[in-house]
*Asks:* 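Just dropping this structure here.
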Amino acid sequence: MRIENIGEFEIHDGRFRRYALPGSRLEKLAGGFGFIEGPVWFADGEFLLFSDIPNDRMYRWVEGLGCSVFRAPSRFSNGNTRDLQGRLVTCEHGSRTVTRTELDGSVTVLADRYRGKRLNSPNDAAVKSDGSVWFTDPPYGILSDEQGHKAESEIGACLVFRLDPSTGDLEAVAEDFSKPNGIAFSPDERLLYVSDTGYSHDKALPRWIRVFDVEDGRRLENGREFARIDKGVADGFRLDADGNVWTSARDGAQCFSPRGELLGKVLVPETVANLTFGGPERNRLFLTASTSLYAIRVGARGAQRP
Ligand code: MG
């Protein structure tokens, strides 16, 4: 079909019309950041947390009040999510760890080493309904001092991990990525999506999202290409209740059907690095886009815990 535009929505497939609410417009909620990622919605407190990586801090955004500093320094935090108890789970470039913020505000390190070697710089995480924390470990936080602390990789590879926080067991579940980055489960948790953003530093490397079958709830099999991003990289993504994948891209957010077909886009004037669904109806798409935070209401609802 011919591409059709409704406001900032770009419709590539008729199925996207139901998500492209005609009266909905992209709102810029805040700006002036260094480079923001890791949005996570707290429905219980009606606020959004996100990370400004190079400025080494995390912010909290509240409707009507705007942004305030949540944590500084943040140890160059990047991706954020919440566990089954609602506790904040954070990927930290600076400390090269995955941490959990307890309800009393103290911070517990969940993972810092694999087989005795320090992690590279955990990037993004997803919590499964059994409480396990799945995360990616590319080197973006150790490539320079800009988003962490420059260092050599001790592991010598960029892996995808499954962590059991009850035992501390850390297992590598995928080893064939150049730079694994965004990570999210399908609503039924039978599939795990993981992006490879190797393209960011080498145009010959991938910029696609792969999908795996989750076997026995803990192993990955049958890894295959799910979708290829045509602009920028799929740094972060979330699923909606219909099983569509909403991913970041250079031109905004791109929405792919469960079969990997591009349904449509939300055009954003800055490169989007991450996104998440939030708001009381879980239908507000929050976009961390380089130096600014944007939001738009869509006709889809987020499927996952944030
Ligand atoms: Mg990322």
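First listed ligand is number 1; within each ligand, the first listed atom is number 1. Computed from heavy atoms alone, side chains included, the values below leave out hydrogens, waters and symmetry copies.
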*Asks:* Ring centres under 6.0 Å, that's the criterion: do Y193 and W134 meet it?
*Replies:* no

*Asks:* Just grab all the salt bridge (charged side-chain N to carboxylate O under 4.0 Å, His left out) pairs involving residues 172-182, residues at least two apart or on different chains.
*Replies:* D176-R210

*Asks:* Not counting sequence neighbours, list each pair that qualifies as a salt bridge (charged side-chain N to carboxylate O under 4.0 Å, His left out) and has a residue in residues 36-61.
*Replies:* D44-R82

*Asks:* At a cut-off of 2.8 Å, what protein N/O/S atoms sit near the Mg ion (ligand 1)?
*Replies:* N123 OD1, N181 OD1, D235 OD1

*Asks:* Do side-chain atoms of S290 reach the backbone of T271 as a donor and acceptor pair under 3.5 angstrom?
*Replies:* yes

*Asks:* Looking only at heavy atoms, what is the nearest atom pair of A303 and R282, with distance?
*Replies:* C-NH2, 4.4 Å

*Asks:* Which Ile, Leu, Val, Met, Phe, Trp or Tyr residues join L103 in one cluster when any pair of side-chain heavy atoms under 4.5 Å counts as a link?
*Replies:* none

